Amino acid sequence: MNLHQKLESEIKKAVSKIYNANLETVELQPTRKDFEGDITAVVFPMLRIVKGNPAQIGEAIGNYLLENVSEVEKFNVVQGFLNIVLSDSYYLDFFNSVEDFSTFGHVPQGNEALMVEYSSPNTNKPLHLGHVRNVLLGYSVSEIEKAAGKKVYKTQIINDRGIHICKSMLAWERFGNGETPDSTGLKGDKLVGNYYVKFDQEYKKQIEALKSEGKTEEEAKVQAPIIKAAQEMLRKWEAGDEDVVALWNKMNGWVYKGFEETYKSIGVDFDFYYYESDTYLLGKDIIEEGIKKDVFFMKDDGSIWCDLTKEGLDEKLVLRNDGTAVYMTQDLGTAVQRVKDHPDVGGMIYTVGNEQDYHFKVLFLILKKLGYAWADNLFHLSYGMVDLPSGKMKSREGTVVDADDLISQMAETAREISEELGKIDDFTEEEKEELYKMIGLGALKYYILKVDPKKRILFNPEESVDFQGNTGPFIQYTYARIQSILRKAASTSIGDGTSAPLGDGTSAPLGDGTSAPLGDGTSAPLGDRFPSTSVTLSIDSAEGTMHPKEKKLIKILQQYPETIQLAAENYSPALIANYTYDLVKEFNSFYQNIPILATQNETEKAFRVKLSSAVAEVIKSAFALLGIQVPERM
RNA sequence: GGCCCCGUGGCGCAACUGAAUAGCGCAUCAGAUUUCGGCUCUGAGGGUUGCAGGUUUGAAUCCUGCCGGGGUCACCA
């Protein structure tokens, strides 16, 4: 039982003892900044059950807690808010109880698996900024769910067949002159993407030509020879035509290689791949099953539908009258197939843009109606578009921000900034490149993940992404700085033995100059001694109090496990990002305001070093949940 | 038009799912280094939370109606 729960039950006890009433719930929240206290109990809701003056009730409960809960040191009541102050030793005990901050807050893996689908690209064009958002979200949510104790299978369904694929195949066949990634030095996905664009250009030309012959736009679109040829190619593919299938395999192979490079560069991976060419025929057996269960019905023309009007939606087609599958059929089939393949899967997350909100609403509803146990644990991780200042991104019109270009551009910006600082002049070129990429990616990932997925992002490539303030590099910088301190701490204690290596002339004047005024100026709420006997790392300096900045840091560290839990429940990397920022901001304030290595008292110094180290571990751990690496130096 | 999502200082975002004086970053202004990394820190100015009602002891948050932006209403995926 954690303290939160303990306080809750003690408050209930207090109310039942004093007022002979039973509280259903107790509202606890962190104390507001400008009031003294750590946790605040809100009295107002109790008034429904307990009659009286909120302030008096708060006072009575406070006194009860003071006597019965050892962690409670004092309290104050403001209006209907009971502000509870916890003792320093409570925080120290917590801090000392954590064995390893690098795994702190992570829950051991349970048996139930969650399948997370993300990326799911078409194989006719390279990945762009929109995919980047998708991939970052999917990967991060996977990591968060893992940390919260889920077994996670990362997967994607690759849209590797269909008319759009045939378009780039046809264009390559006609205009490609046998070009390959090797012969051109282009990444495979880029090469294929170029032919997709080429097809469209040719198609448009033909449409114009037909229009000038007096055809309407509609007619021209249907009659253009090149589109007919593409359709013919699709028919051949479906019939298993050897040449077409060979070409299809060859070109998709190029694309996959290109994709893998991009994924590797972004730093994401997958456990399983599903290909639409394998799954597009799935789902028909489910249709029959659905008819038997009366979930689906047949219309006069033989097409199969699902009636969702009772649920406030409309009727949805699930199978064409010629017996061929539609998008919904495939998704039904694929979902069921996934559980067949991996029976431990108890839920799925689909990372797909919000233009498909309706589709997934319907998909989930149908699966529920069909009675699958796991259908209650489906979540559409829906996210808004990434817009450019020029408007929407359109592959065919070349108005996209290419993922690979974007990554190298971010690294370039990182280089420019890094070189000014000049802290890594002794790095080799490769080390530098790696670092720039780490920082550039950190900026990009954080920029995208810190905002609510539902919101649209306007991405301006001109302005590039910030490196100061609430950004990835700011947090990476703080981590690197802590590492610098830890290196120094290690070298001083190893260097001269442990006896007196620390004074060395610098600490004396510094300690005097800075620590005294700060300690006094900000320590208003403190002034009490904690029992130094009961803790391994206590502070027995002259004052005998924990510095408010230290206490605040520990307080934030303590919130990490619940933050992971909350982020997992809400599928929200943004919560992790914001948490990390709060932690870092607090550390920087701590760092700026009180000495660490220059601390005179040895115990206190060791404590501060350990605290810094813990902060660094948590930064690293939290950033790993976002898929962002942190450098030892930068 | 029906349904869904979004609207918070100039800009970009928060607000622990209904609580105290709505926080933070960028930008602006004023300060801080005889200290461990100044990509830092301390402070100031800047808000009738799109508008109007309603519920509540209490609303950015819940309900209703508008306004603005986006999405979706395919036998495309």
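Model, not experiment: these values are computed from the prediction. A, B, ... follow the sequence lines: proteins, then strands. Residue 1 opens every chain.
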Give none if C3(B) has no partner; otherwise give the nucleotide forming a Watson-Crick or G-U wobble pair with it, both distances under 3.5 Å. G71(B)
How would you label the contact of Glu27(A) with the nucleic acid (heavy atoms, under 4.0 Å): base, sugar-phosphate, or nothing? base
Please report the distance separating the P of C4(B) from the corresponding atom of C16(B), rounded so that it comes out in whole Å. 23 Å
Report the base-pairing partner of C26(B) (Watson-Crick or G-U wobble, both distances below 3.5 angstrom), or none. G10(B)
Below 4.0 angstrom from OP1 or OP2 of G38(B), is there any side-chain N or O of Tyr591(A)? yes
Any side-chain N or O of Thr471(A) less than 4.0 Å from the OP1 or OP2 oxygen of G25(B)? no
Under 30°, 30 to 60°, or over 60°: which ring-plane class applies to Tyr275(A) and Tyr273(A), parallel, tilted or perpendicular? parallel
Euclidean distance for C1', U28(B) against G10(B) (whole angstrom): 10 Å
Less than 4.0 angstrom between a side-chain N/O of Asn578(A) and OP1 or OP2 of A14(B), yes or no? no
side-chain N/O Lys450(A) vs C13(B) OP1/OP2, d < 4.0 Å: no
Exactly one of Ile304(A), Ile287(A), Leu319(A) clears side chain to side chain contact (heavy atoms under 4.5 Å, CB included) with Met298(A), and that residue is Ile304(A)
When all nucleic acid strands are considered with a 4.0 Å heavy-atom cut-off, which category describes Met385(A): base, sugar-phosphate, or nothing? nothing
Is the glycosidic angle of U17(B) within 90° of 0, making it syn, or outside that range, making it anti? syn
Using atom C1' of each nucleotide, how far apart are A30(B) and G46(B) to the nearest Å? 15 Å
For Asp387(A), run the salt bridge (charged side-chain N to carboxylate O under 4.0 Å, His left out) check against Lys455(A), Arg456(A), Arg133(A) and tell me which one passes. Arg456(A)
Given G7(B), is OP1 or OP2 found less than 4.0 Å from the side-chain N or O atoms of Lys455(A)? yes
How is Thr324(A) classified with respect to the nucleic acid when contacts are heavy atoms under 4.0 Å: base, sugar-phosphate, or nothing? nothing
Strictly below 4.0 Å: does Arg487(A) bring a side-chain N or O up to OP1 or OP2 of C36(B)? no
